[in-house]
Q: 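Got a structure for you, written out below as structure tokens; questions coming shortly.
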Amino acid sequence: MSKSYIKCSECGTVNYNNEYCSNCNALLDIALKRRIESENKIQQKIEQERSNEPNKAEVFLKNGLKHSNVIIRFFFKAGYAVWLFFAVIIGGIIAAVTAAAAG
Ligand SMILES: [Zn+2]
């Protein structure tokens with residue numbers, strides 16, 4: 001069993017045989033740190049791709065548009081119009097906020 005002193009790359013505290021810094025709790029094993037960081041990036045990419053999938057509410061409303069009952073179809077049409085309306089409004093607000101934050 002090898003014991004070693006590892007200097008924390010975050011705060012400079014020397015730790016004896018620790019996995020995490022005793023001072024700031026940063027991960028000391030650089031190889032492990034890199035692996036965790038790359039895993040986080042993969043996870044982010046997966047979540048990004050997932051958010052690109054068609055929205056569940058939109059799919060639900062689109063299915064309703066094909067309903068055999070004309071009254072139900074009418075309600076879904078109205079709901080879909082409202083949904084699209086709010087999607088545009090919210091998208092516009094997000095774009096405006098992002099533009100304002102960017103200056
Ligand atoms: Zn530290």
Side-chain angles (χ1 to χ4, degrees):
M1 205 174 132
S2 66
K3 293 186 175 178
S4 58
Y5 290 97
I6 305 169
K7 196 180 169 193
C8 174
S9 60
E10 300 293 325
C11 70
T13 302
V14 177
N15 294 271
Y16 180 62
N17 228 22
N18 270 347
E19 213 174 316
Y20 292 91
C21 177
S22 58
N23 183 48
C24 71
N25 232 16
L27 192 61
L28 297 172
D29 190 330
I30 290 169
L32 186 62
K33 196 176 170 181
R34 288 220 179 105
R35 212 179 67 203
I36 287 169
E37 275 172 3
S38 69
E39 274 170 9
N40 283 346
K41 270 181 196 163
I42 291 164
Q43 192 64 34
Q44 272 175 8
K45 211 175 174 187
I46 290 166
E47 274 166 21
Q48 221 168 46
E49 275 165 18
R50 203 176 284 159
S51 65
N52 285 339
E53 280 174 16
N55 194 298
K56 266 182 192 155
E58 204 168 335
V59 170
F60 171 75
L61 288 168
K62 274 187 177 167
N63 286 338
L65 292 175
K66 294 175 214 152
H67 202 279
S68 55
N69 188 318
V70 71
I71 294 161
I72 287 169
R73 223 159 50 218
F74 171 79
F75 278 112
F76 270 99
K77 234 174 224 181
Y80 191 62
V82 170
W83 165 256
L84 284 183
F85 176 74
F86 278 107
V88 168
I89 297 271
I90 290 163
I93 289 166
I94 289 166
V97 168
T98 309

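Just so you know, residue 1 is the first one in the sequence shown, and it goes up from there. What you see is a predicted model, and the numbers here were worked out from it, not measured in a lab. Both ligands and their constituent atoms are indexed starting at 1 by order of listing.
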Q: If hydrophobic clusters are built from ILVMFWY residues whose side chains come within less than 4.5 Å, do Phe75 and Val82 share one?
A: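 Looking at the clustering, Val82 is in a separate group from Phe75.
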Q: Given side chain to side chain contact (heavy atoms under 4.5 Å, CB included), test Ile89 with Ile93 step by step and report yes or no.
A: CA-CA 6 Å; Ile89 297 271; Ile93 289 166; 3.9 Å; yes
Q: What protein N/O/S atoms lie closer than 2.8 Å to the Zn ion (ligand 1)?
A: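 Less than 2.8 Å away from the Zn ion (ligand 1) sit Cys8 SG, Cys11 SG, Cys21 SG, Cys24 SG.
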Q: Does Asn15 use its side chain to pair, donor to acceptor, with the backbone of Ser22 at less than 3.5 Å?
A: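 Side chain of Asn15 to backbone of Ser22, a donor-acceptor pair under 3.5 Å: yes, one is there.
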Q: Using modelled atom types only, decide if a donor and an acceptor are shared between the side chain of Asp29 and the backbone of Leu32 within a distance under 3.5 Å.
A: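 Such a contact is found between Asp29 side chain and Leu32 backbone.
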Q: Output every pair passing side-chain hydrogen bond (donor to acceptor under 3.5 Å, both in side chains) with a member in residues 31-44, not counting sequence neighbours, ordered by first then second residue.
A: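 The answer is Glu10-Lys33.
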Q: Are any of the side-chain heavy atoms of Cys24 and Thr13 separated by less than 4.5 Å?
A: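 Side chain of Cys24 against side chain of Thr13, heavy atoms only: no contact under 4.5 Å found.
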